[in-house]
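For reference, the structure is listed below as structure tokens.
So you know, we letter chains A, B, ... as the sequences are listed, proteins then strands, and number each from 1.
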There are 2 protein chains.
Amino acid sequence: MTESAGSGRDAEAVSRFVESFAAQLVEAGMPRMPARVFAALLSSDEGARTSAELGEQLRISPAAVSGAVRYLAQTHMVSREREPGSRRERYRVHGDQWYEALTNRETVLKRWEGALREGVTSLGADTPAGRRMAETLAFFEFVEVEIVQMMERWRVHREKTFGPE
Amino acid sequence: MTESAGSGRDAEAVSRFVESFAAQLVEAGMPRMPARVFAALLSSDEGARTSAELGEQLRISPAAVSGAVRYLAQTHMVSREREPGSRRERYRVHGDQWYEALTNRETVLKRWEGALREGVTSLGADTPAGRRMAETLAFFEFVEVEIVQMMERWRVHREKTFGPE
DNA sequence: CGCTTTCTTCAGAAACTTGTGAAGTTAAGG
DNA sequence: CCTTAACTTCACAAGTTTCTGAAGAAAGCG
């Protein structure tokens with residue numbers, strides 16, 4: 001077993017998980033570095049790491065960490081916190097927050113809806129193509145509402161299963 | 001108004017829609033050519049085009065059409081049909097089929113679940129990190145079931161609104 | 001059975017993306 | 001107020017991806 005001194009964790013097993021989960025995220029369209037950083041945060045016991053720790057664990061430059069974190073913060077997958085009285089920053093994956101973000105493809109949905117609405121208008125609502133797009137649009141609007149309701153059900157389910165936060 | 005002779009459609013308006021919708025798809029992670037081809041199919045009155053038509057409309061080579069269509073077929077976004085007695089192929093976006101495909105991130109979900117399950121095992125279900133991942137895993141399992149139910153509700157809703165297929 | 005049309009495969013050029021080192025900025029601590 | 005630690009920005013090199021033209025394979029048609 002590969003125990004790094006004093007860590008109490010199998011560093012190699014952690015690394016294997018980080019890389020394999022990151023690979024899945026990449027496949028789903030996330031850029032490589034953000035995916036790796038995110039997986040590293042997810043697998044940390046505190047759910048948080050400093051920039052230096054991430055750089056060391058993943059063998060990447062501070063610049064790469066910086067870029068990855070910017071991406072993750074923008075997409076609300078992680079939050080940044082300054083430890084008071086230090087200039088060290090600490091990046092955290094906040095249980096709830098991030099799958100909210102995942103499902104908040106809302107922004108994406110909204111934009112698709114915008115594009116489709118334009119399409120219906122410019123092709124004409126009375127044309128076959130226009131009708132097809134109107135139906136597609138209706139689907140997205142439907143999904144948008146459904147997702148909100150689903151997340152509410154999840155919160156209830158989660159509290160029952162894992163207890164209150 | 002830019003009417004191309006005999007088409008009965010404003011070619012420029014169609015092109016604007018195609019490019020702007022494709023851009024949204026690209027932003028969401030779809031490769032460029034598949035996105036453009038898909039948007040072109042969506043905006044056609046028949047919901048179907050031949051390879052040559054697509055090449056001409058989008059100003060791309062037959063090779064590019066071929067590649068894009070392969071991608072779209074693999075991801076079940078379009079189906080290919082041979083017109084009988086011809087070697088011309090025709091690519092079609094089948095109303096239902098494609099948003100089923102969209103929500104059939106199922107494959108993706110399954111793989112994420114696999115990676116997470118491994119993570120829980122290798123980090124230990126009794127560690128804080130293990131617990132966090134177990135909860136994440138539970139979330140994905142929850143979503144998977146919910147999506148199936150949602151699609152059933154959509155089919156009902158759709159039939160009410162747009163009538164039977 | 002060979003010609004022709006249509007699609008596919010492939011190698012390579014062009015364009016874009018990504019991660020790095022190095023310089024720059026910000027803010028704590030003396 | 002100067003030093004120094006921590007993060008960010010930037011230009012560029014390396015590595016990918018993407019599209020094309022050209023050659024190749026499949027299949028109708030005469």
**OP:** Classify the angle between the aromatic ring planes of A/Y99 and A/W154 as parallel (below 30°), tilted (30 to 60°) or perpendicular (above 60°).
**Re:** perpendicular

Subject >> A/A63 side chain, from C-beta outward: closest of C/dA22, C/dT18, D/dT20 >> reply: C/dA22

Original post:
Do any side-chain nitrogens or oxygens of B/S51 fall under 4.0 Å of OP1 or OP2 in C/dT6?
Top reply: no

**OP:** Look at the side chain of A/R32 and decide which nucleotide, out of D/dC7, C/dG19, C/dT8, has an atom nearest to it.
**Re:** C/dG19

Original post:
When the distance from CZ of B/R70 to P of D/dC19 is rounded to whole Å, what number comes out?
Top reply: 13 Å

**OP:** Between A/P34 and A/S86, just flag the one whose closest nucleotide in DNA chain C comes earlier from the 5' side.
**Re:** A/P34

Original post:
Looking at the side chain of B/Y91, which of C/dC7, C/dT20, C/dT18 is the nearest nucleotide?
Top reply: C/dC7

Subject >> B/M33 CE - D/dT20 C1' separation (whole Å) >> reply: 11 Å

Subject >> Base C/dT5 to side chain B/R87, donor-acceptor N/O within 3.5 Å cut-off >> reply: yes

Original post:
Closer to the 5' end of DNA chain D via nearest nucleotide, is it B/A64 or A/V69?
Top reply: A/V69

Original post:
Contact class for A/G85 (heavy atom, under 4.0 Å): base, sugar-phosphate, or nothing?
Top reply: sugar-phosphate

Subject >> d(CG, B/L54; P, D/dT20) in whole Å >> reply: 13 Å

Original post:
Considering only C/dT8, D/dT9, D/dC7, which nucleotide approaches the side chain of A/E89 most closely?
Top reply: D/dC7

Original post:
Hey, does A/R158 have a side-chain heavy atom less than 4.5 Å from the side chain of B/F139?
Top reply: no

Original post:
Do B/E46 and A/P128 come close enough that some side-chain heavy atom pair is under 4.5 Å?
Top reply: no

**OP:** Check the distance between D/dA27's P and B/E83's CD and give it to me in whole angstrom.
**Re:** 16 Å

**OP:** Check the distance between D/dC19's P and B/L58's CG and give it to me in whole angstrom.
**Re:** 11 Å

**OP:** Specify the separation, in whole Å, of atom CE of A/M30 and atom P of C/dT18.
**Re:** 13 Å

Subject >> Spacing between B/R82 atom CZ and C/dT5 atom P, to the nearest angstrom >> reply: 16 Å

Original post:
Between C/dC7 atom P and B/E53 atom CD, what is the distance in whole Å?
Top reply: 10 Å

Original post:
Within the structure shown, what part of the strands sits under 4.0 Å from B/R36 by heavy-atom distance: base, sugar-phosphate, or nothing?
Top reply: nothing

Original post:
Is any side-chain heavy atom of A/R36 less than 4.5 Å from a side-chain heavy atom of A/I60?
Top reply: yes

Subject >> Side chain of A/R80 (C-beta onward), nearest among D/dA22, D/dC7, D/dT9 >> reply: D/dC7

**OP:** Check the side chains of B/E53 and B/Y91 for a donor-acceptor pair under 3.5 angstrom, ignoring hydrogens and angles.
**Re:** no

Original post:
With respect to the side chain of A/I60, which nucleotide from D/dG21, C/dT20, D/dC7 is positioned closest?
Top reply: C/dT20

